[in-house]
Amino acid sequence: MRQTHSIKDKVRQFLIIFFPIFITQLSLMATGFFDTVMSGKVSHYDLAGVAIGSNLWMPVFTGIGGVLAGITPILAQLHGAGRKKDMPFLLIQSVYIAITLAVIVIAGGSAVLSPLLNAMKLEPAVHDIAYRFLAALAIGVLPLFVSAVFRNFIDALGYTRITMMITLCAVPINIVLNYLLIFGYGGFPRLGGVGAGYASAITYWCLALISMGVVHYLKPFREYKVFGSLAGISLKTWRELLTVGLPIGLSIFCEVSIFGVVALLMAEYGTAVIAAHQAAINFAGLVYMVPLSIGITLTIVIGYEVGARRYHDARQYSKLGLGIAVTIAGFFAIGLLALNRQIAGLYTQEPGVLELIRNFLVYAVFFQLSDAIAAPIQGALRGYKDVRVTFLMAVLSYWVIGMPVGYLLAKFTSLTAYGYWVGFIAGLAVGAVVLLLRLIRLQRKVTQ
């Protein structure tokens, strides 16, 4: 990270930070993408089982990831203010929080998973695959959360290309393990969709070991001597980290968890609709990596400028990021409409399921257009450490507007299952407008 003096410099700085973050997020998402796609090649039961399991896991994964991401704007502002000595202690405290959250997630999951799957009234084969997939995935929860902390540290310093290289290593590892464990190549047992859970868990352990090795051995990170003297737990520091991280995590959880709830409601439409809905959500999640990465980039660059009290530069970055997001979203919308059949074909060749996926992808076009506005604004607000409003807007967008509207449309109109998507689009559009107004007001306030 460095100070910029012109729009051209800001564009260059923004893109230097953004592209590695995008590749990083795409690599992380690729694990779930390949799990879903490769499981679908076994049977639509495996596709539905892994998709249901992934949909239940994603709210937890992204929510906890949001909590741990609270360290990013804090470290970015410290970096902008030149307070490097304060960073290692905050990083270790964040690691302790990650370990604690991992224990809570594993214990909570073991208690609620069976009742939750029973409530969905799935076909026995789908129920069994989803349960065993998540049980296997649990093996990698702790290293996944710990590795996220170290990647946030690296990102906050502006070395996003390092994070990109770390996560890129995970993609071929996951693909190879999927081939071995899903299809039973190389003498390994043919586990179907369940094998994807074990493959992901092993991949998460590799991510953690690589991330810790980079921070310990590679310049400039080794100069911070993160592992030099492990401090004890500081509840005061935990409070500071969680004050920023919890609203971020809760807002993400509210956004992603609603898809888990809809997965429950989709069960009444049959396994084929569940599989198609989950496949469309899976692809929409890949597309979402663009506005999400722009939002993360804005958190870093705006946090850096706010820490240095260069509020005018922070404002310019927010406009730049939002403009890029909307432009890219327009191209994606055209691509989704033009390549609708080809995208659906990535997930299945069963004609009935294929047609359903195509229909859901049409709604995904409008969904990602709203995301293109909301996600960058959320990232910009986090750069200012203004995180509570994003949580409130997530509740409003998805649970006050999106879910009720979607339920009514699904139950009382001819839209049926597609009604839920229309509800999401409406709620997200309202939230995006309110967040934009909040950002404008905040920027006027800090520059007065």
Side-chain angles (χ1 to χ4, degrees), residues 26 29-41 43-59 62 120 122 126 130 193 196 255-292 329 332-372 375 398 402-403 406-407 409-410 415-428:
L26 206 59
M29 189 68 182
T31 301
F33 173 76
F34 285 115
D35 286 350
T36 305
V37 169
M38 295 174 76
S39 297
K41 303 301 181 184
S43 74
H44 75 278
Y45 292 106
D46 287 87
L47 171 60
V50 171
I52 288 289
S54 297
N55 217 40
L56 293 175
W57 164 238
M58 283 304 292
T62 54
M120 296 180 71
L122 302 166
V126 177
E255 178 178 345
V256 181
S257 64
I258 199 167
F259 296 108
V261 173
V262 171
L264 293 171
L265 298 172
M266 286 285 182
E268 70 173 281
Y269 299 106
T271 299
V273 172
I274 293 174
H277 166 76
Q278 299 295 344
I281 286 291
N282 182 262
F283 189 81
L286 280 176
V287 174
Y288 177 63
M289 292 304 101
V290 175
L292 175 64
F332 271 139
I334 296 171
L336 274 171
L337 292 173
L339 302 174
N340 187 278
R341 177 175 290 276
Q342 291 84 345
I343 294 169
L346 293 173
Y347 293 90
T348 185
Q349 293 302 317
E350 298 180 33
V353 180
L354 183 72
E355 191 61 30
L356 286 169
I357 295 174
R358 291 185 65 194
N359 293 338
F360 279 118
L361 285 174
V362 173
Y363 291 96
V365 170
F366 300 97
F367 188 79
Q368 64 96 26
L369 286 172
S370 296
D371 265 333
Y398 288 98
M403 177 56 78
Y407 182 82
L409 290 174
L415 287 170
T416 61
Y418 306 117
Y420 291 109
W421 284 70
V422 176
F424 296 158
I425 294 165
L428 192 58

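Note that the numbering runs from 1 along the sequence shown for the chain.
Minimum interatomic distance between Val273 and Ala417 (heavy atoms only, all atoms of both residues): CG1-CB, 4.1 Å. Taking both residues in full, the closest heavy atoms of Ala196 and Ser39 are given as CB-OG, 4.1 Å, listed atom of the first, atom of the second, then distance. Nearest heavy atom pair, residue Ala329 against residue Ala372, reads CB-CB, 3.3 Å.
Counting only heavy atoms from C-beta outward, the side chains of Leu369 and Phe332 never approach each other to under 4.5 Å. Put simply, the side chain of Ile357 does not reach to within 4.5 Å of the side chain of His277, judged on heavy atoms. A heavy-atom distance below 4.5 Å is not found between the side chains of Leu409 and Tyr420.
A search for side-chain contact (heavy atoms from CB on, under 4.5 Å) contacts involving Leu339 returns Gln342, Ile343, not counting sequence neighbours. Considering only residues two or more places apart in sequence or on other chains, Tyr418 meets the ring pair (Phe, Tyr, Trp, His ring centres under 6.0 Å) condition with Phe360, Tyr363. In terms of the side chain to side chain donor-acceptor pair (under 3.5 Å) criterion, Asp371 has no residue partners (sequence neighbours excluded).
Rounding to the nearest 0.5 Å places OG of Ser370 at 4.5 Å from CG of Leu428.
Checking side-chain atoms of Gln368 against main-chain N and O of Tyr288 turns up no donor-acceptor pair under 3.5 Å.
With a 6.0 Å radius and a threshold of 12 heavy atoms from other residues, nucleotides or ligands, Phe366 has its CZ atom at or below the threshold.
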